[in-house]
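Here is the structure we will look at, set down as structure tokens.
Residue numbers start from 1 in every chain, and the chains themselves are labelled A, B, ... in the order their sequence lines are given, proteins ahead of strands.
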2 protein chains.
Amino acid sequence: MTRTEENYIKTIFHLGGNQSQLISTNAIAEQMQTKPSSVTDMAKKLTEKNLLNYIRYQGVSLTDLGIKTALSIIRKHRLWEVFLVKKLDFTWDEVHEVAEQLEHIKSEKLIDKIDELLDFPKYDPHGDPIPSKNGDFQERDKQLLSELKTGNQGICVGVKDTSATFLKFLDKNNIALGNSIQVIEKEDFDMSMRVKVEGRNLQLSNQVSTNLYVKVLESN
Amino acid sequence: MTRTEENYIKTIFHLGGNQSQLISTNAIAEQMQTKPSSVTDMAKKLTEKNLLNYIRYQGVSLTDLGIKTALSIIRKHRLWEVFLVKKLDFTWDEVHEVAEQLEHIKSEKLIDKIDELLDFPKYDPHGDPIPSKNGDFQERDKQLLSELKTGNQGICVGVKDTSATFLKFLDKNNIALGNSIQVIEKEDFDMSMRVKVEGRNLQLSNQVSTNLYVKVLESN
DNA sequence: ACAAATTTTTAGATTTGTCTAAATTTTAAT
DNA sequence: ATTAAAATTTAGACAAATCTAAAAATTTGT
């Protein structure tokens, strides 16, 4: 498998092509910064290799083999991210670009040893779950901060937007995964909300609250 | 720089193209398992990029920029080898293949942090020196075991042949870098020699003694 | 249901890195 | 100093991954 092929498989997975949902060549092209015609060519090629199901004019979905392949790449990507943060003191906004390269290194032993070195982490620095060696992983029980009701309390467990600008914004406001967060007041006008993060009062815009995942603590 | 270009630069360095010595397209092709005509094409391309000096029908040598580039790649390769052995328990015969991939990862911060994590090692698992960040490195004072005279004593400091078969042979015979070694007797007939390695007697063929580097301990 | 707009595919071209076969240059031998 | 042998380059072709422009299919609006 070439690096390009792996990137297609990974992108299709992230667009939902694992739920036997058909993903359009247009959507893939947009995500990958390429043209729909290029996607069509690759769709044919990957179908030939039994990684995709492709229906002309409809879109593609991943086969079982395709899903397995995608999970393997995602596992590598997320483990490398943990490695960079835990062992090399990278910040969570610096890891993505490098992990994009490292995820393509071909050595089963290497990634298993990295997994072991990190003591088999379950989540990456952005709170996303890391598939196990045999490909299973459970999405954490979480919801967007914006979905919480006034008074609800939770723990920050992940981010939806993983861009450096958003992550740095969170750093600057001392919001980190694991922090407790409580909704004090929601503003109908602009959907912003006042929250308490680890005891500190903050005003967060809708843009922020729709990109921060929390695990709700049941009040009773 | 593409991965292929980097591999050409690295190969030319190893063939001596740093000493402003001209390396033939034939020699490069043989080393890289490709055809001389392909090398010619790449020679033109890399000359265009100011990495090579190329004289038609004569060969190529590295420019200053080419040497700097080669040293950067070799630095990465050797640091990754140390990482694999020291942090992930790879054996010295397993590291080459994986390091060939890792050496192409583009991130200055990454390799500097790996260097730091390893506490700035000077030599890789095969005894080869690791260029510093600014590109200087000194070849260790060493000679082939085969060059020693009867009675000479030394320390194993490196291998010339880094193939898995040779390295496993050394493992099997409990010969490791850092071991003391003394020449007991040299056989004129087949150039084999009887040696004492850390007190144990061994008979080594010429093939072995011409691939093991030692640092001679001056008798007086 | 049909025309217009949108999406997708096809056809043909481009770039990178490679190859084979033929032509050219250099080296070696007498 | 020629000629034969060896090494090197050129010319033309190919595969992978991409693009643009045109054609075809699908979706949408009325």
Taking only residues two or more places apart in sequence or in another chain, which ones pass side chain to side chain donor-acceptor pair (under 3.5 Å) with B/His126? B/Glu81
Side-chain N or O of B/Thr4 closer than 4.0 Å to phosphate OP1/OP2 of C/dT16: no
Take atom CD in B/Glu139; do more than 12 heavy atoms of anything else shown fall under 6.0 Å from it? yes
Think B/Lys109 forms a cation-pi with A/Phe90, using NZ or CZ under 6.0 Å from the six-ring centre and within 45 degrees of its axis? yes
Which whole-number value in Å describes the distance from B/Asn26 CG to D/dA6 P? 12 Å
Of the non-hydrogen atoms in A/Pro131 and A/Leu71, which two are nearest, and what is the gap between them? CG-O, 3.8 Å
Atom pairs under 3.5 Å: protein N/O with N/O of nucleotides 9-15 of chain C:
| from | atom 1 | to | atom 2 | distance (Å) |
| --- | --- | --- | --- | --- |
| C/dT9 | OP1 | A/Tyr54 | OH | 2.5 |
| C/dT9 | OP1 | A/Tyr57 | N | 3.0 |
| C/dT9 | OP2 | A/Thr25 | OG1 | 3.4 |
| C/dT9 | OP2 | A/Thr40 | OG1 | 2.7 |
| C/dT10 | OP1 | A/Arg56 | NE | 3.4 |
| C/dT10 | OP1 | A/Arg56 | NH2 | 3.2 |
| C/dT10 | OP2 | A/Lys44 | NZ | 2.4 |

Using 4.0 Å as the upper bound for N to carboxylate O, is an ion pair formed by B/Arg140 and B/Asp128? no
Please verify the inter-ring angle class for B/Phe166 with B/Phe169; under 30° counts as parallel, over 60° as perpendicular, anything in between as tilted. parallel
Just how far, in rounded Å, is P of C/dT18 from CZ of B/Arg3? 13 Å
Salt bridge or not between A/Lys133 and A/Asp112? Use side-chain N to carboxylate O under 4.0 Å. yes
Expressed as a whole number of angstroms, how long is the span from A/Glu30:CD to C/dT6:P? 15 Å
Rounded off to whole Å, could you give me the CD1-to-C1' distance for the B/Ile23 and D/dA7 pair? 15 Å
Looking only at the aromatic ring of each residue, does the gap between the centers of A/Tyr54 and A/Tyr8 stay below 6.0 angstrom? no
Pairing string, 5' to 3', for DNA chain C - Watson-Crick or wobble contacts under 3.5 Å, brackets [ ] where pairs cross, | to another strand: ||||||||||||||||||||||||||||||
A/Glu5 CD to D/dA15 C1': how many Å, rounded? 13 Å
Please report the distance, rounded to the nearest Å, between CD in B/Gln33 and C1' in C/dC19. 15 Å
So, does B/Lys35 get its side chain near the phosphate of C/dT18, meaning an N or O under 4.0 Å from OP1 or OP2? no
Once you round it to whole Å, what is the distance between P of C/dT16 and CG of B/Leu46? 12 Å
Expressed in angstrom and rounded to an integer, what is the separation of A/Tyr8 atom OH from D/dT18 atom C1'? 8 Å
Is any NZ, NE, NH1 or NH2 atom of the basic residue among A/Arg78 and A/Glu103 found under 4.0 Å from an Asp or Glu carboxylate oxygen of the other? no
